[in-house]
Amino acid sequence: MSFTAVFLDRDGVLIRTCVRGSTPHPPASLNEVEILEGVSNALHSLAKAGHQLIVVTNQPDVARGSQSMADVEAINRLLMERLPINRIYTCYHDDADRCACRKPAPGMLSDAARDFGVDLSASFMVGDRWSDVEAGRAAGCTTFLLDRSYSRRERCTPDHVVADLSEAAARILKMGRPVAILNR
């Protein structure tokens with residue numbers, strides 16, 4: 001038996017980002033974390049329908065020295081406590097590291113699929129940047145882009161463009177895909 005998952009980017013999808021210039025930045029510490037409106041209800045609806053909720057997040061500021069791993073992990077723990085998330089996978093590398101986990105590479109999604117018995121072709125990726133969409137496409141997921149000024153939409157081809165996680169969740173739930181798939 002395999003399961004479906006909704007893979008979620010963290011910053012800009014679940015929590016507010018700070019956009020400076022045209023670049024989004026994560027909260028620097030716990031006191032800057034603001035869960036976006038509608039996120040809790042959307043995630044509870046998806047979880048109730050049986051989807052695994054897995055966050056896949058790039059956090060290159062750790063490699064760049066502008067944020068500590070401890071701060072990133074504290075934010076992740078807070079989200080795990082407040083939201084029905086099964087697990088958070090975090091890539092701490094920068095572009096130059098050329099790792100398999102940093103989105104747009106699909107490594108974190110592949111790892112989660114192995115760990116949770118997820119059928120990637122029946123799963124979804126929801127993000128606010130082109131790299132989220134491309135990671136989802138590379139993994140074989142249906143992709144949703146939350147359209148933002150910094151999304152770089154011209155660099156990707158999402159299956160769906162939505163305003164926020166609530167709209168993405170509503171569309172996912174309407175698709176009516178099976179939650180558990182018996183040996184395809």
Side-chain angles (χ1 to χ4, degrees), residues 5-46 51 53-64 66-67 71-80 82-95 101-109 112 123-139 141-172:
V6 179
F7 295 101
L8 304 144
D9 180 48
R10 190 187 82 171
D11 307 323
V13 175
L14 302 179
I15 59 178
R16 187 165 313 284
T17 61
C18 174
V19 180
R20 292 189 290 273
S22 61
T23 306
H25 295 276
S29 64
L30 279 177
N31 64 355
E32 292 183 10
V33 173
E34 179 187 344
I35 296 173
L36 294 168
E37 185 177 337
V39 164
S40 182
N41 288 341
L43 293 183
H44 278 92
S45 295
L46 291 167
H51 295 285
L53 302 178
I54 302 169
V55 175
V56 288
T57 180
N58 289 346
Q59 294 298 323
D61 288 347
V62 172
R64 296 172 186 160
S66 59
Q67 187 169 40
D71 284 334
V72 171
E73 291 174 356
I75 292 168
N76 289 350
R77 276 192 305 279
L78 176 74
L79 294 176
M80 292 287 295
R82 293 192 181 171
L83 300 170
I85 296 168
N86 296 92
R87 186 173 300 167
I88 299 176
Y89 290 79
T90 306
C91 172
Y92 293 105
H93 302 106
D94 202 351
D95 292 330
C101 54
R102 183 169 167 73
K103 297 177 289 180
M108 289 187 283
L109 287 80
S123 295
F124 308 89
M125 175 69 213
V126 181
D128 64 333
R129 298 182 78 175
W130 72 271
S131 56
D132 302 318
V133 170
E134 289 306 304
R137 287 175 54 84
C141 298
T142 299
T143 59
F144 287 81
L145 178 67
L146 278 60
D147 199 13
R148 305 282 183 259
S149 61
Y150 55 80
S151 293
R152 308 271 320 263
R153 186 172 171 189
E154 73 281 357
R155 294 192 66 182
C156 64
T157 308
D159 295 302
H160 304 274
V161 177
V162 294
D164 55 26
L165 181 57
S166 295
E167 184 180 350
R171 288 192 188 188
I172 290 167

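Only heavy atoms go into these numbers, but all of them, side chains included; no hydrogens, no water, no symmetry mates.
Atom CZ of R82 sits about 11.0 Å away from atom CD1 of I15, to the nearest 0.5 Å. Atom CD1 of residue I75 and atom CD of residue Q59 lie 7.0 Å apart, to the nearest 0.5 angstrom. The SG atom of C101 sits 12.0 Å away from the OH atom of Y89 when rounded to the nearest 0.5 Å. Here N58 contributes atom CG and D11 contributes atom CG; the two are 9.5 Å apart, rounded to the nearest 0.5 Å. Separating the CZ atom in F144 from the CG atom in L165 is a distance of 10.0 Å, to the nearest 0.5 Å. Separation of atoms CD1 (I35) and CG (L43) is listed at 9.0 Å; rounding is to 0.5 Å.
Salt-bridge formation is not detected for the pair R129/D132: no Lys NZ or Arg NE/NH1/NH2 atom is positioned less than 4.0 Å from an Asp or Glu carboxylate oxygen.
Other residues, nucleotides and ligands contribute over 12 non-hydrogen atoms within 6.0 Å of the CD atom of E73.
Shortest non-hydrogen contact noted between G12 and Y150 is CA-OH, 3.9 Å. Residues M125 and L8 share a closest heavy-atom pair of CE-C, 4.1 Å. The shortest non-hydrogen separation linking P27 to Q67 is O-NE2, 2.8 Å. Pairing each heavy atom of P84 with each of H44, the nearest pair is CD-CE1, 3.6 Å. The heavy-atom pair separating I85 from M80 by the smallest distance is O-CE, 3.4 Å. Taking every heavy atom of both residues into account, L109 and G136 meet most closely at CD2-CA, 4.1 Å.
Residues I172 and V6 are in side-chain contact: their nearest non-hydrogen atoms beyond the backbone lie under 4.5 Å apart.
With hydrogens and angles ignored, the 3.5 Å screen pairs no side-chain donor or acceptor of E167 with any backbone N or O of L146. Side-chain atoms of K103 never come within 3.5 Å of backbone atoms of D9 as a donor-acceptor pair (strictly under, hydrogens ignored). Under a 3.5 Å cut-off, the side chain of R137 and the backbone N or O of T157 do form a donor-acceptor pair. For the pair D164 (side chain) and S166 (backbone), a donor-acceptor distance under 3.5 Å is present. Side-chain N or O atoms of T143 include none that pairs as donor or acceptor with a backbone N or O of P158 at under 3.5 Å. With R102 contributing its side chain and Y92 its backbone, the two residues share no donor-acceptor pair below 3.5 Å.
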After noting the C-alpha distance and the side-chain angles of V72 and T57, does the key distance pass the side chain to side chain contact (heavy atoms under 4.5 Å, CB included) rule? CA-CA 10 Å; V72 171; T57 180; 5.9 Å; no

Do L83 and L53 pass the side chain to side chain contact (heavy atoms under 4.5 Å, CB included) test, and can you show the C-alpha distance, the side-chain angles, and the key distance before you say yes or no? CA-CA 10 Å; L83 300 170; L53 302 178; over 6 Å; no

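F124 and H51 have perpendicular rings, their planes meeting at more than 60° on a 0 to 90° scale where under 30° would count as parallel.
With no hydrogens or angles considered, no side-chain donor-acceptor pair links S151 and D128 at under 3.5 Å. A donor and an acceptor atom, one from each side chain of T90 and N76, are located under 3.5 Å apart.
Annotation: side-chain hydrogen bond (donor to acceptor under 3.5 Å, both in side chains) contacts of N41 (sequence neighbours excluded): none.
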